[in-house]
Each structure stands twice: as C-alpha cells, then as structure tokens.
Asker: 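The structure under discussion is supplied below as structure tokens; questions concerning it will follow.
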Amino acid sequence: MRSMKPAALIFDVDGTLAETEELHRKAFNAAFKEAGLNWIWDCSVYGELLRTTGGKERITVYANLIGEKAIDVPTLHRRKTEIYRKMVTSTSLELRPGVKRLIDIAYKQSIPMAIATTTTRSNVDALIAATLGGRVENWFMSVRCGEDVVHKKPHPEVYERVLHDLRVSAHQCWAFEDSRVGLEAALAAGMPTVVTPSLYTQTDDFSGATLMLSDLATPYSALIYRGHAQLHAVPSALIPLFGH
Ligand code: XBP
Ligand code: MG
C-alpha cells in the first residue's frame, strides 16, 4: 500500500519544470546557421522530431532523414548546448505555474526531490540557477541526465538510476512528466505519474497517467483534453503538496 507521504518526487525537466522546448529549438537553429547548414527546424518539424529524445539523437535522425552524411554531430550539439545555456541565462525564463510552490512545500516537508531528464546536465544547471537559484544539488538529491544513461526515454533507465540513488521503491514515489515518451519511461520504471501537458505535447496520448492536470497550480480544475473536460481527484498522498 502506498504511504501517505511520498518517498520522493521525481521531475522531468523540459516541458515539466519549464516551457523550454522553444528555446531548445531556437538554439538548434542558431547552431545550424553558425555551422553553415541550411537547416531550419520550424515548430511543426520540431514537434515531429521531439519523438526522438536527446539533442544528438535528434540531429542524427534529421541528418539521416534528409540524406546528409558529413555532419559532426558532437561538435554541432556542443555548440547548441552553449547557445542554449546563454539563452537560458539571458531570457527571463520562468518555471511553469505551481512548480515553485510544490518544490517549496516538498522541501519544507523534507520529501526528497530528484531530476530524471534526457537533456544535457549543463542545461539543467543553467535552468535551475536561473529559476530556483543556486546549485541544482541544493534542491534535488539525485540529478540524472542524458549523459548518465545508455538508453534515453521512453526507456526507464534514467528513472531507474534515480530510484537507485535515492534507495526508494518506485511505487512509493511520484513522477512528474509532460510527454508521452516521459510518461512511458516513468510507468516502465513502476512509478505513478502526474502529467501536465506542455506546448508540444497537448495531443499526446496520456493513458496510464494517475493524474492529468493543465498545470501544477490548478490541481482541482477541469482539464480540457482532446475536447473533453475531465475532473480528476488528487490522490490523497499528494493533497498536502498542493497547499490547498
Ligand atoms: C527533453 C529532450 C531534450 C531536449 C534537448 O528532455 O528530449 O533532448 O529537447 O536537450 P526532458 P539536449 O526529458 O527533460 O523532457 O540537446 O541537451 O539533448
Ligand atoms: Mg519533458
């Protein structure tokens, strides 16, 4: 039986903590331009490419798709990461509604928090410094990123690594995700999952999620999903965390 107090809260980053994918897309395009490539990923192309998790993997899939062979993917991606970091620190990026409040409440209640993401670690460092302030380790007891795994989401490896770090059982924790691929990873790791769909994932299939919310600030609101208003009961273990 699930205990009342969650053993840990494990957060995805892109799309869940903040709406970052547009910044990623712009950083990719800027890196392509600098490298003299005539590639422009518009929103619709990027939406398709997001099915591939991980920036290096995404560049490789696209290069294969258009038959471009002579691409130095690691160098191109390194530059994209530098550009993205600068964008994060120079833009007034905000956490999604309710994220800060949830983190503050969990912090005060000494509930361990962690990060399970497919993005690059330095992107996470920059995002946390720009939004929560300070070092990511000040807030999160385990931070596992794209570099830490062989298989990125939807494979559960990144969640399994976090669970191992924290020495907690999957079913006693809660995952927070925004996408189908992320949800699949969390479910495959055995975790109940709260989904807050983001800009690029509004039409994803979220079957299997324990709870779906438009954002973490409005847990009792109706979520309009695929044309239907859905009311969700917040599981009892999470009620103290939403501050209502
Ligand atoms: C989302 C991703 C990432 C970013 C790009 O990660 O798929 O690949 O789009 O980041 P999350 P990199 O698991 O946080 O939703 O270029 O650093 O890979
Ligand atoms: Mg995500």
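Note that the coordinates shown come from a computational prediction; the quantities given were computed from them, not determined experimentally. Both ligands and their constituent atoms are indexed starting at 1 by order of listing.
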Asker: Do other residues, nucleotides or ligands put more than 12 heavy atoms under 6.0 Å from the CD atom of Q109?
Answerer: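 Count over threshold, so yes.
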Asker: Using atom types as modelled and distance alone, determine if a side-chain donor or acceptor of D204 lies under 3.5 Å from a backbone N or O of S179.
Answerer: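 No; zero donor-acceptor contacts below 3.5 Å.
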Asker: Measure the NZ-CG distance between K86 and L23 for me, rounded to the nearest 0.5 Å.
Answerer: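 Rounded to the nearest 0.5 Å, the NZ-CG separation comes to 14.5 Å.
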Asker: To the nearest 0.5 Å, how far apart are NZ in K56 and OG1 in T81?
Answerer: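 Taking NZ in K56 and OG1 in T81, the distance rounds to 7.0 Å.
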Asker: Using a distance threshold of 2.8 Å, what protein N/O/S atoms lie below it relative to the Mg ion (ligand 2)?
Answerer: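 Protein N, O or S atoms closer than 2.8 Å to the Mg ion (ligand 2): D12 OD2, D14 O, D178 OD1.
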Asker: Ring-plane angle category for H24 and F28, please: parallel below 30°, perpendicular beyond 60°, tilted otherwise.
Answerer: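 Tilted: the ring planes of H24 and F28 meet at 30° to 60°.
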Asker: Given a heavy-atom cut-off of 4.0 Å, could you list the residues near ligand 1 in chain and number order?
Answerer: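 Only D12, V13, D14, E21, H24, F28, Y46, T53, G54, G55, R58, H77, K80, T117, T118, T119, T120, N123, K153 have heavy atoms that fall under 4.0 Å of ligand 1, ordered by chain and number.
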Asker: Determine yes or no for a side-chain-to-main-chain donor-acceptor pair under 3.5 angstrom, with T16 supplying the side chain and V13 the backbone.
Answerer: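 A pair under 3.5 Å: no.
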Asker: Quick one: which of K108, R101, K100 gives a salt bridge (charged side-chain N to carboxylate O under 4.0 Å, His left out) with D104?
Answerer: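 By the salt bridge (charged side-chain N to carboxylate O under 4.0 Å, His left out) criterion, D104 pairs with just one of K108, R101, K100: K100.
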Asker: If the plane angle is over 60° it's perpendicular, under 30° parallel, otherwise tilted; pick one for W139 and Y107.
Answerer: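 Correct class here is tilted.
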Asker: Could you check E22 against Y200 for side-chain hydrogen bond (donor to acceptor under 3.5 Å, both in side chains), going step by step and ending with a plain yes or no?
Answerer: CA-CA 9 Å; E22 272 303 272; Y200 276 101; 2.4 Å; yes
